[in-house]
Structure formats: structure tokens, C-alpha cells
Amino acid sequence: MNPLRPALALVGAALTVTPALAAEDVPLPCRPTIACTAEIVAPGRAEVELGYAARRIGTDFQHTTPVLLKLTVTERLQLQVGTNGWTFQPGTSRYLDDTVFLAKVALVKQSEAVPAISASLAMATPTSVGTLGYRPGVDAQGIVYASKDVGPIHGDLNVGLNVLELDRTPRHQPFAAFSASSDVGHGLTPMAEVYGFAGAGRAAPRDVGFLAALGVAVGSWCVLDVGGDVGLGAQDRSFTLFVGFTALSPRAWRT
């Protein structure tokens, strides 16, 4: 599994919870989806994301346990570290997936006329030997994010590029994703997303899909999410089921 493929692990659409609060005052999940929000929480706040995903590959399931830690340093800068965690597929592989280090910079705040815009750069370093003794290389990723509220709908558009196996023969994998979500009250936020990744050889096969999820706000500090992801292309993965939560810490400092 490509550690820089953000689905179900490291980056995703922000579920719009509790619209009476500013985005910096509520969790902004980077799961369960691919398309991330361009916004970040307030300086001095940290977010912890934990989840579980089961991907149907051929006749078996691949299980992953994604973890993501985020810390907003200033109004413009957020640092992240994460991994797809312990990954195993019966009879095929068991390994700790790569660790990803990411810096995200907020460039433009959302207004009536323009969307929020941000950009990020990430590096992934191998943690252990993967499937059938294959050891992943060092990967890099760049993403541009745009987010906008239009009436009751919150939209997130991401365009990015994975550069895989930098320490060998680099492979380039462009991708794009768009998600839409809406707060329907009672702390519930359904969302839907379409995405596509170009093929990049053995390191990352082509992947196109549709994802649907439901976010449930637990007060203003935690979001639970559950959903499914259906592959629409010819990839080996047919569908994925996932569950997770995102918790927001108290504010430790102000800038």
C-alpha cells in the first residue's frame, strides 16, 4: 500500500460540524477521505486521529490502523506526523507502514468571494519490510487545497502529486479529489467524495473511487466517522470499510 495515498489514513475532507463555531474551534478530520480541508485549527491546538480500515483486495481483506497527529504552530503553519499503522493481510503480509511527516501552510482565508487555499509538502520514510519482502522507498508528496462553503454545502478540492521511490527510480503519480459535506443538524454530517489516482507501477496502482461517510459530532471536541469506499476502476481493491475518530485538544498557546 502506498503510504502517501491519503485515503483512509492521512488526509481527508473536513466534516462541517457545529456551524456556530469557527473552523479553528472544532476538529477538522483528515480521515476518512482523500480530499482535505484547506483550513487548520487555531495555533496551540493539537488533533489526534485514530481509525481502522478493512480493504477488500481479491478474496482477502487488508487491515490497517491509521494514526495521525497534528499540531498548529501558527495561524499559517501546521505540522503533522502519521502512518497507516499496523497493516496485515492474512497469508500475505504483516508490517508497520511508513511514517509520513507533513507541513501544511494556510495561504488564503475563506471569504464571500474566494475559497480558503493552502498547500502542503510531505515525506514518507520506510518503517519495515512490506509485502513479500518488498521494502518501500522514500516518497514525497505535494498538495494544493481549496475549500469553500456555498449555502449549506462545504466543498473541498485537492490536486496533488506523489513522487514515489525517490531513492531509486522516481515514479510520478498525479491525483485529484473532490468532496462535499453538509451539517444536517443533531451533530450529523453526511459527505460524499469522488477521487482518482494515476498508476505508478508496482509502488502505486491506478485507483478511482467513490466514498460516502457519516460524521457524528461529540460536543465540540470530537468527531466520530464511519463509511465505505467503492473502487470504480480496474484496481484490485473492490471496496473499503472504515471507522475512526478525531479529538481536538484544549488550546495550549496563542500567537
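Residue numbers start at 1 and run along the sequence shown.
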Ignoring hydrogens and geometry, is there a side-chain-to-backbone donor-acceptor pair from Q173 to A198 under 3.5 Å?
yes
For A116 and A38, which heavy atoms make the closest approach, and how far apart are they?
O-CB, 3.3 Å
With a 4.5 Å cut-off on side-chain heavy-atom distances among I, L, V, M, F, W and Y, is there a chain of contacts connecting V208 to V194?
yes
Distance-only polar pair, side chains of Y195 and D229, donor-acceptor under 3.5 Å
yes
Are V105 and V114 in one and the same hydrophobic cluster, where Ile, Leu, Val, Met, Phe, Trp and Tyr link if side-chain heavy atoms are under 4.5 Å apart?
yes
Decide whether L121 and L161 are clustered together by the hydrophobic rule: side chain heavy atoms of Ile, Leu, Val, Met, Phe, Trp, Tyr closer than 4.5 Å, transitively.
no
State, yes or no, whether a side-chain contact exists between R251 and P43 at a heavy-atom distance under 4.5 Å.
yes
pair Q141-F175: side-chain heavy atoms closer than 4.5 Å:
yes
Working to the nearest 0.5 Å, report the span between OG1 of T169 and CG of L164.
12.0 Å
Where at least one partner belongs to residues 102-127, residue pairs that pass salt bridge (Lys or Arg N to Asp or Glu O under 4.0 Å), sequence neighbours excluded:
none
Could you tell me whether the side chain of T87 and the main chain of G85 form a donor-acceptor pair under 3.5 Å?
yes
Report the C-alpha distance between V163 and D139 in whole Å, list the side-chain angles of each, state the deciding distance to 0.1 Å, and finish with yes or no for side-chain contact (heavy atoms from CB on, under 4.5 Å).
CA-CA 6 Å; V163 183; D139 302 331; over 6 Å; no
Using the rule that Ile, Leu, Val, Met, Phe, Trp and Tyr join whenever any side-chain heavy atoms are under 4.5 Å apart, tell me whether L69 and L50 fall into a single cluster.
yes
Taking all heavy atoms of F242 and all of G228, pick out the closest pair and write down the distance.
CE2-N, 3.5 Å
Least distance between heavy atoms, V138 atom then P126 atom:
CG2-CD, 4.1 Å
Is there a side-chain contact (heavy atoms from CB on, under 4.5 Å) between V218 and L224 once you walk through the steps?
CA-CA 7 Å; V218 181; L224 306 178; 4.0 Å; yes
Should T125 and D98 be marked as a side-chain contact (heavy atoms from CB on, under 4.5 Å) after you check the CA-CA gap, both sets of side-chain angles, and the distance that decides it?
CA-CA 6 Å; T125 60; D98 290 13; 6.0 Å; no
Find out whether F197 and N162 are in side-chain contact, i.e. whether some heavy atom of one side chain is under 4.5 Å from a heavy atom of the other.
yes
Which distance, rounded to the nearest 0.5 Å, do you find between the OG of S120 and the CD of Q80?
7.5 Å
So, does S249 use its side chain to make a donor-acceptor pair with the main chain of A46 at under 3.5 Å?
yes
V100 vs M123, side-chain contact (heavy atoms from CB on, under 4.5 Å): CA-CA, chis, key distance, verdict
CA-CA 6 Å; V100 179; M123 293 289 293; over 6 Å; no
Spacing of E193 atom CD and S179 atom OG [to the nearest 0.5 Å]
5.0 Å
Taking T83 for its side chain and D97 for its backbone only, find out whether a donor-acceptor pair lies under 3.5 Å.
yes
A side-chain contact here means heavy atoms from C-beta on lying under 4.5 Å apart; do R45 and T72 qualify?
no
Roughly how far, to the nearest 0.5 Å, is the CD1 atom of I143 from the CG atom of L102?
7.0 Å
Heavy-atom closest pair, residues C36 and D156:
O-CB, 3.6 Å
Give a yes or no answer on whether the side chain of T65 reaches the backbone of W86 with a donor-acceptor pair at less than 3.5 Å.
yes
Atom of T37, atom of L28 and distance for their closest heavy-atom approach:
CG2-CB, 4.2 Å
Of all heavy-atom pairs linking V41 and V26, the shortest is CG1-O, 3.5 Å
Provide the full list of salt bridge (Lys or Arg N to Asp or Glu O under 4.0 Å) pairs with a residue in residues 61-75, sequence neighbours left out, each pair given once.
E47-K70, E49-K70
For the atom pair CZ (F245) and SG (C222), what is the distance rounded to the nearest 0.5 Å?
6.0 Å
Cluster link I40 to V73, ILVMFWY, side chain under 4.5 Å
no
One should read off an interatomic distance between Q62 CD and I57 CD1, to the nearest 0.5 angstrom, of 4.0 Å
Between S182 and P152 (side chain of the first, backbone of the second, donor and acceptor by atom type, cut-off under 3.5 Å), is there such a pair?
yes
Assign the ring pair H63 / F61 to parallel, tilted or perpendicular, where the plane angle (0 to 90°) is split at 30° and 60°.
tilted
